[in-house]
Protein chains: 2
Amino acid sequence: MATITMADVAKKAGVSKSTVSQFLNKRYEYMSEETRERIDAAINELGYQPNHIARSLKQKRTAMVGIIVSNIMHRHSTEISRSLEDFFNQHDMNAIICNADNDQEKERKYIEMLRAKQVDGLIIFPTGQNVELYQSMVKSGYPVVFMDRKVTDISVPSVIVNNREATKNAVNHLIENGHQKIAIVTELLTISTRLERRLGYMDALQESNLPILDEYMISSDIPAMAAQLKNLFSVKEPPTALVAGNDLVFLEVLKFAKANHIKIGERVGLIVFDNIPFADLVSPSVTTISQPSHEMGQKAAELLLKQINKEDVKKEDTVFECELFIRESTQSRFQY
Amino acid sequence: MATITMADVAKKAGVSKSTVSQFLNKRYEYMSEETRERIDAAINELGYQPNHIARSLKQKRTAMVGIIVSNIMHRHSTEISRSLEDFFNQHDMNAIICNADNDQEKERKYIEMLRAKQVDGLIIFPTGQNVELYQSMVKSGYPVVFMDRKVTDISVPSVIVNNREATKNAVNHLIENGHQKIAIVTELLTISTRLERRLGYMDALQESNLPILDEYMISSDIPAMAAQLKNLFSVKEPPTALVAGNDLVFLEVLKFAKANHIKIGERVGLIVFDNIPFADLVSPSVTTISQPSHEMGQKAAELLLKQINKEDVKKEDTVFECELFIRESTQSRFQY
DNA sequence: TTGTAGGCGTTATCAG
DNA sequence: CTGATAACGCCTACAA
């Protein structure tokens with residue numbers, strides 16, 4: 001493409017570059033009606049497209065934000081990403097979505113890359129491990145919002161849910177339905193959400209004076225989970241109910257249950273922490289703890305935009321409530 | 001941040017900007033060992049970060065590509081996006097993911113926005129409706145790859161699957177299992193994939209000399225689908241098997257089936273066109289036509305990168321094969 | 001109301 | 001090997 005610039009437009013319209021620039025920035029006060037029309041015509045004829053790069057260089061604003069997602073294959077992450085993208089698009093900004101895969105190195109690389117690209121701000125699902133990097137961003141006043149996980153000792157506005165309480169409520173629901181032997185399965189406890197969910201689980205047991213047993217608390221990476229589940233169901237008193245820490249864990253549980261002919265909702269009650277699209281459509285339908293992804297995305301985007309616009313933003317957590325959707329997987333136990 | 005530039009580094013190291021530039025571009029042959037070390041030291045001390053924007057302005061290369069997805073909420077799209085993002089990241093490029101929502105206007109806006117941002121190329125799940133825009137990109141030699149859908153009369157390398165044949169095979173599988181009354185449910189036929197799937201369906205019926213009935217071919221937008229399904233099952237001879245055109249349609253079918261106590265796999269066989277994460281884990285497990293998302297993403301990325309690097313790329317379609325995973329939803333019928 | 005000049009931070013060209 | 005100097009395309013005083 002013949003890369004046509006402001007200068008070309010100016011020449012064609014018989015005015016100077018600055019006037020064209022004024023026009024592009026809609027400062028029409030500074031020119032006659034006639035000039036305006038001439039410029040407009042010139043632009044159309046030439047098919048001129050302003051070069052955002054050049055503009056960014058000057059203005060130090062790229063109208064782009066970076067989003068560093070922990071793992072896009074989580075339904076929850078996809079929903080949030082979509083919500084974020086929507087929001088920024090409505091504000092004529094673009095989102096660069098990156099997958100850190102819960103990997104500290106990848107996260108670091110992305111943060112550096114995106115900052116070097118001068119994106120206006122970052123929304124991060126933090127691994128929690130690049131503390132120095134986080135610090136340096138905060139110190140330099142760079143706009144950042146943490147999503148989904150909190151990082152201790154770093155004052156960054158964060159959008160999270162009440163993982164601990166929500167899990168506690170869910171476990172209480174199981175207890176109320178007569179379950180006493182309840183297990184929880186999560187990925188490795190390297191991320192705050194997973195830890196908090198486990199703590200919520202323990203809270204509930206404690207309050208009901210139920211024993212907290214190590215053998216009922218599994219945390220492992222996905223590939224090793226099948227083996228762990230096997231152990232779990234080989235103990236003397238296998239659990240009668242299970243909390244799956246997220247949707248990927250849920251898949252593993254389903255796989256295991258299918259392979260071992262363990263009927264969900266009959267032999268074992270099940271609650272999943274996360275939205276799953278088919279939760280209410282399968283048989284038995286699955287009780288879930290649902291997070292308000294859309295609202296979380298909107299809120300985080302808003303917090304970031306405010307920082308970008310130099311408005312004051314309190315460095316505090318925004319905590320959303322989860323909702324427990326009770327379905328068949330925790331209710332049909334007493335058919336037996 | 002005090003925005004520190006090459007000039008600062010140059011001064012500190014006691015050399016000129018150009019030498020620093022050479023250093024940054026790893027052209028070490030052009031300088032003495034000693035100079036190199038001095039520059040290196042200066043960079044570290046100052047914490048200098050190169051400004052990609054300035055570089056892009058000069059080089060006319062941003063190391064960013066745009067991805068315009070039809071609808072990120074499709075599992076298939078998410079998988080492809082992830083695959084694309086992976087690939088580009090490995091090549092030190094960033095992907096800007098945008099959601100066009102199958103909306104012509106949104107698509108247009110994004111294409112223009114991304115081009116204005118000087119992204120190096122575009123991967124588009126095309127609505128097929130912005131023909132002039134597509135043309136203009138082709139004419140100007142701008143790197144583009146179409147994904148998932150083909151657009152007639154536009155010579156852009158496209159990465160697609162054999163929708164028609166795959167659907168035909170799937171329907172044949174139903175016929176072989178004794179089904180004669182087979183319906184197909186898709187979204188509106190505005191997109192090539194949906195049309196081709198229907199054509200494949202018709203091919204199969206025709207070859208088996210089965211009648212092609214309008215009342216068995218539903219295409220409607222998602223909100224209206226429930227009503228259409230109701231009609232479908234109210235005809236004199238309701239279908240004994242169903243092909244769901246994608247994962248979102250599948251959800252509607254499930255909802256409908258659940259609400260009307262129609263047992264999938266018993267009263268009605270079901271095939272879904274798309275990967276669904278739980279397909280083999282639910283009861284009955286669901287027969288699916290699976291697309292190789294990962295490979296499709298890699299291929300498209302590769303095709304785009306080649307164009308960006310000015311290598312020759314044939315303007316032809318790359319067609320991947322789908323795989324039919326036969327599961328219980330199409331097999332248990334003869335339990336009865 | 002319009003034009004001129006200088007700069008944003010790099011890279012590239014070409015002398016020295 | 002190193003250093004001026006001129007782009008890249010746009011924005012913004014300031015001057016006219």
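Side-chain atoms are counted along with the backbone in the values below, which use heavy atoms only and exclude waters and symmetry mates. Chain letters run A, B, ... following the sequence lines, proteins first, then strands; residues in each count from 1.
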Problem set entry | Heavy-atom protein contacts under 4.0 Å, nucleotides 9-16 of chain C, coded B base, S sugar-phosphate only, - none | BBBB----

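Extent of DNA chain D lying under 4.0 Å from chain B heavy atoms, first and last nucleotide in 5' to 3' order, is D/dC1 to D/dG9.
At a cut-off of 3.5 Å, with distance as the only test, no side-chain donor of B/Asn94 or A/Tyr110 sits close to an acceptor on the other residue. A donor-acceptor contact under 3.5 angstrom links the side chains of B/His76 and B/Asp148, judged on distance only. A donor atom on one side chain and an acceptor atom on the other are found under 3.5 Å apart for B/Thr35 and B/Ser32.
One finds a side-chain N or O of A/Thr19 lying less than 4.0 angstrom from the OP1 or OP2 phosphate oxygen of C/dG3.
For the helix from C/dT1-D/dA16 to C/dG16-D/dC1, the terminal axes (five pairs an end, C1' atoms, rotation from four pairs onto the next four) enclose an angle of 40°, given to 10 degrees.
In this structure a side-chain-to-backbone donor-acceptor pair under 3.5 Å is present from B/Glu107 to B/Thr127.
Shown are B/Lys299, B/Lys150, B/Arg149; of these, the salt bridge (charged side-chain N to carboxylate O under 4.0 Å, His left out) with B/Asp317 is made only by B/Lys150.
For B/Arg61, there are no salt bridge (charged side-chain N to carboxylate O under 4.0 Å, His left out) partners at least two apart in sequence or on another chain.
DNA chain C lies under 4.0 Å from at least one heavy atom of each of the following residues of residues 31-43 of chain A: A/Met31, A/Ser32, A/Thr35.
Here the CE-CZ distance, from A/Met64 to A/Phe88, works out to 12.5 Å after rounding to the nearest 0.5 Å.
Outside the 6.0 Å centre-distance limit, the rings of B/Phe146 and B/Phe125 are not counted as a close aromatic pair.
Side-chain contact between B/Val15 and B/Arg36 is absent, with no heavy-atom pair separated by less than 4.5 Å.
The pair B/Glu85-B/Arg82 does not meet the salt-bridge criterion, since no charged nitrogen lies less than 4.0 angstrom from a carboxylate oxygen.
Pairs passing the side-chain hydrogen bond (donor to acceptor under 3.5 Å, both in side chains) check and including a residue from residues 38-47 of chain A, sequence neighbours excluded, read A/Lys12-A/Glu45, A/Glu34-A/Arg38.
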